[in-house]
Asker: 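Can you keep this structure in mind? I'll have questions shortly.
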Amino acid sequence: MSETAAKAPGAPASSGDANRWKALVFIALAQLMVVLDATIVNIALPSAQADLGISDGNRQWVVTAYALAFGGLLLFGGRIADLWGRKRAFVIGLTGFAAASALGGAATSGAMMFGARALQGVFGAMLAPAALSLLAVMFTDAKERAKAFGIYGAIAGGGGAVGFILGGVLTEYLDWRWTFFVNIPFAIVAALGAYFVIREPEGGRNRNPLDIPGVLLSTLGLVSLVYGFTRAETDGWGDATTVGLFVASAVLLIAFVVTEMRVKAPLLPLRVVLDRNRGGIYLSLGIAIIAMFGTFLFLTYYLQVIKGFSPIKTGFAFLPMIAGMMVGSTQIGARLMTRVPARTLMGPGFLVAAAGMLVMTQMEIGSSYASTILPAMLLLGLGMGTAFMPAMSLATLGVEPRDAGVASAMVNTSQQVGGAIGTALLNTIAASATTSYIKDHIATATSRSQQQLVQMEGAVHGYANAIWVAVGMLVLAAVIVVALVNAGKPSATPVVSGDGAEDEVAVPVVAH
């Protein structure tokens with residue numbers, strides 16, 4: 001290829017960019033902050049609720065306000081990154097997230113807390129797709145891309161579990177407010193580093209006018225969908241408001257697709273999701289996250305309520321899963337991604353994770369951590385780490401530079417929606433199985449201690465039933481990968497970008 005072609009407008013950064021590995025440090029730090037925040041606040045919630053006088057009925061809004069803003073605005077945030085520039089969106093997202101965290105830590109009322117969480121979601125929706133799309137356009141050499149996404153995937157997968165540890169330590173030894181304040185140094189370091197180190201490739205912006213109807217329809221549709229699943233968890237699937245939210249979401253998202261087919265400069269170009277590899281990645285990731293998030297919830301309750309672990313001990317109990325993710329992502333996924341097709345890593349990865357959950361279905365009140373939970377967590381982490389790394393890379397591989405932000409936003413959207421569905425769906429299944437078990441066995445319990453034992457057995461029975469569903473979800477994710485993802489191992493191949501110029505990027509070789 002000629003030098004002119006290699007440096008054409010819109011081309012990704014040269015693999016010779018000396019700052020790209022330094023930039024990865026700050027991008028990874030920002031990603032860690034966002035992922036930590038998703039779980040660290042859950043540990044602090046009981047203390048914050050008592051301190052701020054938040055009612056039991058309203059406490060869910062500490063989590064829901066963030067989820068609605070983050071999930072609903074991700075596509076818009078990805079498009080802003082393409083329009084304004086990914087570095088600028090990244091720094092603004094970090095600055096806003098830090099300011100919102102400071103507001104949350106200083107909250108004096110429930111309303112102030114809810115507002116701060118919603119603001120965190122708004123800026124998180126700008127930050128997350130900007131971070132992933134920066135990686136997509138900065139790392140184009142196949143081997144370097146594998147290493148970079150290996151690190152990113154390990155953080156994306158394991159950071160949530162680290163949040164349990166950090167949240168427990170901060171809440172127990174300092175104060176719940178520090179679960180918010182801790183974001184500020186993360187954000188300052190990442191923002192300053194990004195400002196001075198990141199050099200975004202020229203010519204990769206999408207300067208088309210903003211698709212306002214698409215923004216409104218997608219935001220309202222995704223907010224309705226996420227809130228519908230949140231309502232289903234608390235009020236039931238047959239609740240009139242819950243059903244209305246699902247119907248509204250379906251209508252709005254269908255209208256969004258129709259709009260995107262007709263407008264000249266769509267918010268989400270359908271070419272991004274209709275590619276069978278990217279579509280398969282988004283779908284399989286979303287389904288896998290359904291299984292994973294629900295399982296995090298049950299394990300937390302099992303360890304704290306049934307086994308009597310403290311918040312800190314519970315956090316440390318998740319460490320084997322983090323170790324498994326790190327090994328799967330950096331040692332297996334990153335090393336093999338350039339040698340084998342992505343589906344030969346993702347499919348088996350999801351199945352190994354399913355095997356870990358299968359072990360978890362055997363847990364009982366008297367099960368020991370070492371014999372049941374430990375091997376289950378190791379397998380779950382190893383499988384998810386191996387699958388996540390090529391998924392993160394392939395979801396943005398070969399995409400036109402002008403679409404990198406919105407393609408990255410779709411990865412985050414599938415995870416966010418999957419998390420909302422997983423928490424609501426699996427929690428409902430567990431609650432139903434628990435109620436049924438207690439109803440069938442409580443009559444034989446004559447003393448109070450026996451009744452308490454039946455209730456604990458019922459809770460564990462409910463967890464196990466829900467985890468069986470999670471096993472099925474992971475098997476389904478593996479089937480989707482095998483059926484849809486047909487990209488071969490990456491190779492440096494010239495492709496034609498949207499402006500007609502050749503860009504030298506690593507693209508998948510399609511296996512026929």
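In what follows, residues are counted from 1 in the order of the sequence shown. Only this structure's heavy atoms are used, side chains among them; waters, hydrogens and symmetry mates stay out.
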Asker: Looking at CZ of Phe309 and CD1 of Ile373, how far apart are the two atoms once the value is rounded to the nearest 0.5 Å?
Answerer: 8.5 Å
Asker: Determine yes or no for a side-chain-to-main-chain donor-acceptor pair under 3.5 angstrom, with Tyr282 supplying the side chain and Val273 the backbone.
Answerer: no
Asker: Counting only N and O atoms by type, is there a donor-acceptor contact under 3.5 Å from the side chain of Arg177 to the main-chain atoms of Ala107?
Answerer: yes
Asker: Can you find a side-chain donor-acceptor pair between Gln451 and Arg448 that sits under 3.5 Å?
Answerer: no
Asker: Test your reading of the model: is there a side-chain donor-acceptor pair from Ser249 to the backbone of Leu245, 3.5 Å cut-off?
Answerer: no
Asker: Locate the shortest heavy-atom distance separating Ala102 from Ile184; write the atom from each residue and the value.
Answerer: CB-CD1, 3.7 Å
Asker: What is the distance from atom CG of Leu285 to atom CD1 of Ile289, rounded to the nearest 0.5 Å?
Answerer: 6.5 Å
Asker: So, taking the atom named CG in Leu426 and the one named CD1 in Ile467, what distance separates them when rounded to the nearest 0.5 Å?
Answerer: 9.0 Å
Asker: What distance do Leu283 atom CG and Ile480 atom CD1 have between them, rounded to the nearest 0.5 Å?
Answerer: 4.0 Å
Asker: Quick one: side-chain hydrogen bond (donor to acceptor under 3.5 Å, both in side chains) partners of Arg276, sequence neighbours excluded?
Answerer: none
Asker: If the test is ring-ring contact (aromatic ring centres under 6.0 Å, His included), which one of Phe181, Trp176, Phe180 qualifies with Trp178?
Answerer: Phe181
Asker: Under a 4.5 Å cut-off applied to non-hydrogen side-chain atoms, are Leu252 and Leu225 in contact?
Answerer: no
Asker: Measure across Ala470 and Ala291 and return the closest heavy-atom pair with its distance rounded to 0.1 Å.
Answerer: O-CB, 3.5 Å
Asker: Any chance you could measure Thr434, atom OG1, to Tyr463, atom OH, to the nearest 0.5 Å?
Answerer: 7.0 Å
Asker: Under 3.5 Å, is there a donor-acceptor pair between the side chain of Lys307 and the main chain of Ser367?
Answerer: yes
Asker: Angle class for the Trp237/Phe246 ring planes (parallel below 30°, perpendicular above 60°, tilted otherwise)?
Answerer: parallel
Asker: Taking all atoms of both residues into account, what is the closest heavy-atom pair of Ser284 and Ile281, and its distance?
Answerer: OG-O, 3.2 Å
Asker: Decide yes or no on side chain to side chain contact (heavy atoms under 4.5 Å, CB included) for Glu260 and Leu217, but give the supporting numbers first.
Answerer: CA-CA 10 Å; Glu260 300 308 272; Leu217 289 169; over 6 Å; no
Asker: Please report the shortest heavy-atom distance between Ala187 and Ala98, naming the atom on each side.
Answerer: CB-CB, 3.5 Å
Asker: Apply side chain to side chain contact (heavy atoms under 4.5 Å, CB included) to Met292 and Phe388, showing your working.
Answerer: CA-CA 12 Å; Met292 194 170 174; Phe388 269 27; 4.2 Å; yes
Asker: Could you walk me through whether Val460 and Ile306 pass the side chain to side chain contact (heavy atoms under 4.5 Å, CB included) check?
Answerer: CA-CA 8 Å; Val460 175; Ile306 305 300; 4.0 Å; yes
Asker: For the residue pair Val215 and Thr219, what are the closest heavy atoms and their distance?
Answerer: O-OG1, 2.7 Å
Asker: Taking C-beta and beyond as the side chain, do Leu222 and Leu74 meet within less than 4.5 Å on heavy atoms?
Answerer: no
Asker: With side chain to side chain contact (heavy atoms under 4.5 Å, CB included) as the criterion, how do Leu267 and Ser218 come out once you've worked through the C-alpha distance, each side chain's angles and the decisive distance to 0.1 Å?
Answerer: CA-CA 9 Å; Leu267 172 70; Ser218 68; 3.4 Å; yes
Asker: Can you tell if the side chain of Phe256 reaches within under 4.5 Å of the side chain of Leu268, non-hydrogen atoms only?
Answerer: yes
Asker: A side-chain contact here means heavy atoms from C-beta on lying under 4.5 Å apart; do Leu474 and Met384 qualify?
Answerer: yes
Asker: Examine distances only and state if a side-chain atom of Arg117 and a backbone atom of Val62 form a donor-acceptor pair shorter than 3.5 Å.
Answerer: yes
Asker: Could you list the residues that satisfy side-chain hydrogen bond (donor to acceptor under 3.5 Å, both in side chains) with Gln331, not counting sequence neighbours?
Answerer: Arg335
Asker: Look at the side chain of Gln49 and the backbone N and O of Ile54, then say whether any donor-acceptor pair between them is shorter than 3.5 Å.
Answerer: yes
Asker: Whether the side chain of Ser101 engages the backbone of Phe97 through a donor-acceptor N/O pair (distance < 3.5 Å, no angle test) should be reported.
Answerer: yes
Asker: Do side-chain atoms of Ser432 reach the backbone of Ile429 as a donor and acceptor pair under 3.5 angstrom?
Answerer: no
Asker: Is there a side-chain contact between Asp51 and Met113 in this structure, where contact means two heavy atoms from C-beta onward sitting under 4.5 Å apart?
Answerer: no
Asker: For the aromatic rings, using the six-membered ring if either is Trp, is the centroid distance between Phe298 and Tyr302 under 6.0 Å?
Answerer: no
Asker: Taking atom CD of Gln452 as the centre, report whether more than 12 heavy atoms of other residues, nucleotides or ligands fall under 6.0 Å from it.
Answerer: yes
Asker: Any side-chain to backbone donor/acceptor pair from Arg278 onto Val272? Under 3.5 Å, distance only.
Answerer: yes
Asker: Please check: side-chain N/O of Asn277 versus main-chain N/O of Asn486, any donor-acceptor pairing under 3.5 Å?
Answerer: yes
Asker: Determine the minimum heavy-atom distance between Leu94 and Met33, stating which atoms define it.
Answerer: CD2-CE, 3.8 Å
Asker: Could you grab the distance from atom CE of Met321 to atom CG of Leu379, nearest 0.5 Å is fine?
Answerer: 12.5 Å
